[in-house]
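Numbered from 1 within each chain, the chains take letters A, B, ... in sequence-line order.
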Amino acid sequence: MLKTHTCGVLNLTNVGDVVTLAGWVNRRRDHGGLIFIDLRDRFGITQVTVDSEQAPLAHAVADQARSEYVLQVKGQVTARPEGLRNPNLSTGAIELIAEEVVILNTAKNPPFYIASGMSSSGDDVDEMLRLKYRYLDIRRPRMAQNLLLRHRIVRFIREFFSDRDFIEVETPVLLKSTPEGARDFIVPSRLQPGEFYALPQSPQQLKQLLMVAGIERYFQIARCFRDEDLRADRQPEFTQLDLEMSFADANDICAIIEAMLIELSVLIAPHKPIQTLPFPVISYADAVEYYGIDRPDLRFGQPLFNVSDLAAASDFAVFRKAVEAGGLVKGVVYPGASALSRREIDELTDFVKQYGAKGLVWIGISDEPDAAGLFAPESLRSQVTKFFTPAEIQTIFERSGAAVGDLILLVADRAAVVNPCLANLRLEIGRRARLIDPNLLAYCWVVDFPLLEYNEEEKRWQAVHHPFTSARDEDWERLESDPGSVLAKAYDVILNGWEIGGGSIRIHRSDLQDRLFARLGLTSEQTESQFGHLLEAFQYGAPPHGGIALGLDRLVAMFAEASTIRDVIAFPKTAAGTDLMLDSPCAVTEAQLAELHIALRPAKR
RNA sequence: GGAGACGUGGUGUAGCGGUUAGCAUAACGGCCUGUCAAGCCGUAGGUCGCGGGUUCAAAUCCCGUCGUCUCCGCCA
């Protein structure tokens with residue numbers, strides 16, 4: 001090795017040792033006859049002091065060094081004089097008095113600051129540049145720490161499950177296209193002209209086949225691919241902790257995941273309290289009723305409330321018609337916001353409009369109700385009080401749980417508009433009113449999902465989770481007669497409003513799987529060509545089994561307090577699916593295409 | 001497919017009809033033996049993303065386009 005120690009390890013116990021360090025010039029402070037170099041490697045920073053009188057040759061070399069040059073320095077570890085120690089460095093009590101300095105490599109002036117503390121204004125570098133020069137971005141402490149955190153989490157996961165008799169089995173990346181779910185990435189076959197592999201959206205079918213194979217306890221840190229549009233929390237390729245267990249029911253799987261997440265949280269983020277133990281379990285129906293969404297952020301309150309019954313009987317046409325059309329009227333309370341400026345109220349209105357709401361009804365409670373619980377007109381601030389009777393206002397007030405000084409916000413529309421609108425409005429209120437403790441870890445389970453949902457466009461039922469999910473035992477009898485009422489043995493695990501994982505107990509009997517495929521409108525020819533391998537496998541003694549997959553990128557991002565999973569991925573893609581460093585995707589040669597039997601259509605752009 | 005925001009020396013930004021395009025930082029040169037975001041002095045660095053239009057005059061207003069980000073649709 002070109003170094004005897006790292007730049008983060010030396011301290012007063014090493015004083016007198018002659019050591020060699022190697023790393024990058026983090027910063028250089030040139031005092032003429034005396035040069036200080038902060039030498040940085042992955043492990044820390046050590047101050048190198050080069051004295052022109054003690055070591056003229058070393059000084060001449062250090063004089064040439066610039067930021068990000070790669071240096072090797074030999075010298076003696078020396079205690080810094082009292083008062084000259086740097087408490088911000090783990091090595092701040094010592095310095096390396098250089099005897100020899102070697103420039104191992106020079107460096108161009110980097111396109112952005114790498115040394116920590118340089119972006120002290122809080123402003124970060126444009127992400128476009130960070131992505132183009134990702135190898136320099138990763139040199140910076142923030143990204144380096146995130147990748148280290150990711151490694152520690154993956155390592156913990158591997159040990160946790162290995163210790164519990166799970167084995168990691170790799171599954172193919174070149175797989176088979178399936179019509180359900182997300183759009184596949186496809187890969188042309190050279191050996192089989194005109195045919196294509198697909199990259200796995202997840203190793204779902206393979207892990208079920210491993211259960212048939214008798215593996216019993218499987219996990220994998222698995223790369224998955226989905227060709228859908230990107231988001232801050234979605235990349236075209238991402239990583240799952242994929243897991244499957246035989247002879248397990250939903251409680252067994254949730255219990256082991258819950259134990260893992262608790263142990264992981266304590267290990268990785270001991271300063272972050274877990275809000276509720278054991279994790280709360282919420283039904284899908286309750287989650288939608290009280291939070292408008294199936295992944296509630298439980299770090300704060302402000303549950304939604306429902307006044308559809310009252311709205312149906314009111315004189316306010318907007319509300320009444322929404323309910324008559326089968327819709328809902330629900331609301332949320334913005335605490336302490338009764339005197340919100342009209343401009344801020346308009347901002348909230350624009351906010352809900354982006355989720356499809358036509359408007360936002362607001363009622364500010366500026367004064368106490370009278371002894372009978374009724375509000376005087378001057379106690380309220382609203383654009384709609386004139387449409388409601390005092391008793392109706394009283395009911396809305398009581399239903400909302402609001403207090404004097406709060407602002408009640410209401411949305412009326414189809415359920416598919418009202419719930420997402422208010423779910424996002426609740427989060428916006430949480431942010432604006434600073435109701436969210438950023439240190440809290442609020443885990444919960446969401447269970448009792450519907451098995452099927454009706455796709456209006458395609459006029460057919462489709463699987464909410466995926467088509468291998470089992471219905472609850474008592475619900476199978478309604479699969480044909482009332483498919484919308486069938487609940488699944490499915491569960492999602494939520495952290496701070498992010499869905500970090502989901503899974504289910506699978507169907508292990510081919511007769512039940514056949515029934516479900518029929519319910520989904522698949523012909524026996526289709527099921528045979530797409531899932532024949534699985535159905536056949538189930539006839540050879542498939543054990544009852546189930547599993548779960550956790551989104552590793554999201555989990556790491558939560559612990560890293562990153563606002564996008566790109567910050568916990570070494571080489572991520574942009575929102576347009578491109579890699580700015582490699583300049584991919586890119587065109588290939590005509591010869592490559594010919595070998596793959598592919599003729600291009602004219603590009604649309 | 002749709003909506004919004006942003007694009008000004010290497011970087012981060014100010015300027016939003018007439019400025020010599022300002023500031024900070026980095027870079028380069030000089031001075032300096034106790035700094036740790038070192039300091040002081042000096043130098044260089046910009047076709048204001050690109051194209052078109054409006055105007056006597058455009059970084060600034062309008063249209064288009066490219067890129068990045070966020071969101072909707074899409075996606076568990």
Side-chain angles (χ1 to χ4, degrees), chain A residues 26-39 45-54 59 66-68 80-89 91-92 95 97 108-133 136 180-184 201-202 204 224-236 238 240 294-295 350-351 353-356 417 420-421 424 446 449 457 463-466 469 490-494 498-504 548-551 554 563-564 566 573-576 578 580 604-605:
Chain A
N26 193 61
R27 232 188 304 274
R28 194 181 72 118
R29 292 176 294 280
D30 185 350
H31 288 236
L34 189 67
I35 297 174
F36 298 103
I37 290 173
D38 290 340
L39 197 66
I45 290 175
T46 300
Q47 173 164 287
V48 173
T49 303
V50 194
D51 188 311
S52 58
E53 291 172 11
Q54 290 177 29
H59 183 270
R66 294 292 180 272
S67 288
E68 301 306 315
R80 293 203 201 180
E82 207 60 49
L84 295 177
R85 296 179 176 174
N86 185 344
N88 299 321
L89 291 182
T91 60
E95 60 191 332
I97 304 298
K108 287 172 68 176
N109 187 35
F112 49 80
Y113 309 121
I114 292 170
S116 55
M118 288 317 290
S119 54
S120 56
S121 61
D123 295 323
D124 205 354
V125 178
D126 187 83
E127 194 175 3
M128 208 189 312
L129 264 183
R130 292 175 51 206
L131 290 173
K132 182 171 179 184
Y133 297 96
L136 297 179
E180 294 278 331
R183 190 179 295 113
D184 286 320
Q201 297 177 24
S202 78
Q204 180 61 37
C224 305
F225 305 86
R226 291 177 189 159
D227 189 7
E228 297 292 348
D229 286 1
L230 286 73
R231 287 285 190 282
D233 62 349
R234 281 176 8 205
Q235 283 273 301
F238 60 100
Q240 284 186 342
D294 59 1
R295 46 184 173 88
D350 289 341
F351 181 83
K353 279 181 177 172
Q354 66 174 312
Y355 299 99
V417 171
C421 255
N424 285 291
V446 175
F449 285 84
E457 284 175 21
V464 170
H465 190 62
H466 56 57
T469 300
Y491 31 83
D492 280 0
V493 58
I494 311 301
W498 282 31
E499 183 201 320
I500 56 167
S504 63
I548 193 166
L550 300 195
R554 290 181 186 175
S563 55
T564 162
R566 291 188 300 278
K573 296 187 174 46
T574 68
T578 62
L580 298 177
K604 262 191 285 185
R605 71 174 97 171

N/O contacts under 3.5 Å, protein versus nucleotides 31-35 of chain B?
from: C32(B); atom 1: N3; to: D30(A); atom 2: O; distance (Å): 3.2
from: C32(B); atom 1: N3; to: G32(A); atom 2: N; distance (Å): 3.2
from: C32(B); atom 1: N4; to: D30(A); atom 2: OD1; distance (Å): 3.4
from: C32(B); atom 1: N4; to: G32(A); atom 2: N; distance (Å): 3.4
from: U33(B); atom 1: OP2; to: H31(A); atom 2: O; distance (Å): 3.3
from: U33(B); atom 1: OP2; to: G33(A); atom 2: N; distance (Å): 3.2
from: U33(B); atom 1: N3; to: D51(A); atom 2: OD1; distance (Å): 3.4
from: U33(B); atom 1: N3; to: D51(A); atom 2: OD2; distance (Å): 3.1
from: U33(B); atom 1: O4; to: D51(A); atom 2: OD1; distance (Å): 3.0
from: U33(B); atom 1: O4; to: E53(A); atom 2: OE1; distance (Å): 3.0
from: U33(B); atom 1: O4; to: E53(A); atom 2: OE2; distance (Å): 2.7
from: G34(B); atom 1: N1; to: E95(A); atom 2: OE1; distance (Å): 3.4
from: G34(B); atom 1: N1; to: E95(A); atom 2: OE2; distance (Å): 2.9
from: G34(B); atom 1: N2; to: E95(A); atom 2: OE1; distance (Å): 2.8
from: G34(B); atom 1: N2; to: E95(A); atom 2: OE2; distance (Å): 3.1
from: U35(B); atom 1: O4'; to: H31(A); atom 2: NE2; distance (Å): 3.4
from: U35(B); atom 1: O2'; to: R29(A); atom 2: NE; distance (Å): 3.3
from: U35(B); atom 1: O2; to: R29(A); atom 2: NE; distance (Å): 2.7
from: U35(B); atom 1: O2; to: R29(A); atom 2: NH2; distance (Å): 3.1
from: U35(B); atom 1: O2; to: Q47(A); atom 2: OE1; distance (Å): 3.3
from: U35(B); atom 1: N3; to: Q47(A); atom 2: OE1; distance (Å): 2.9
from: U35(B); atom 1: N3; to: Q47(A); atom 2: NE2; distance (Å): 3.0
from: U35(B); atom 1: O4; to: Q47(A); atom 2: NE2; distance (Å): 2.9
from: U35(B); atom 1: O4; to: R80(A); atom 2: NH1; distance (Å): 3.2

(message) Reading RNA chain B from 5' onward, which residue's closest nucleotide shows up sooner: R226(A) or L580(A)?
(response) L580(A)
(message) Could you tell me how far G51(B) sits from C66(B) if I compare only their C1' atoms? Round to whole Å.
(response) 10 Å
(message) Could you tell me how far G73(B) sits from A3(B) if I compare only their P atoms? Round to whole Å.
(response) 15 Å
Is there any protein nitrogen or oxygen under 3.5 Å from a nitrogen or oxygen in nucleotides 40-43 of chain B, and what are the pairs?
none

(request) When you get a sec, tell me which of A76(B), A26(B), C72(B) is the closest nucleotide to the side chain of A182(A)? (result) A76(B)
(request) Measure distances between side-chain N and O atoms of D126(A) and base N and O atoms of G12(B), and say whether any donor-acceptor pair falls under 3.5 Å. (result) no
(message) If I pick the P atom on C69(B) and the same atom on C61(B), what distance separates them, to the nearest angstrom?
(response) 25 Å
(message) Let's see if you can work this out: which of C36(B), G67(B), C71(B) has an atom nearest to the side-chain heavy atoms of M128(A)?
(response) G67(B)
(request) Give a yes or no on whether a donor-acceptor pair under 3.5 Å exists between the nucleobase atoms of C36(B), that is its base, and the side chain of R27(A). (result) no
(request) Check every atom of C71(B), A76(B), C69(B) against the side chain of T574(A) and return the nucleotide holding the closest atom. (result) C69(B)
(request) In whole angstrom, give me the gap between the P atoms of A14(B) and G22(B). (result) 16 Å
(request) Ignoring backbone atoms, test whether R554(A) places a side-chain nitrogen or oxygen under 4.0 Å from the OP1 or OP2 oxygen of C75(B). (result) no
(message) Any strand counts, and the cut-off is 3.5 Å on both contacts for Watson-Crick or G-U wobble. Which nucleotide pairs with U33(B)?
(response) none
(request) For G17(B) versus C6(B), give the span between their P atoms, rounded off to a whole number of Å. (result) 16 Å
(message) Can you say whether a donor on the side chain of R234(A) sits under 3.5 Å from an acceptor on the base of C74(B), or the other way round?
(response) yes
(request) Compare the minimum distances between each of A76(B), U68(B), U70(B) and the side chain of T564(A), then state the nucleotide with the smallest one. (result) U70(B)
(request) Answer with yes or no whether Y113(A) presents, from its side chain, a donor or acceptor under 3.5 Å of a partner atom in the base of G10(B). (result) yes
(message) Is the phosphate of A76(B) approached by T469(A) (side-chain N or O, under 4.0 Å from OP1 or OP2)?
(response) no
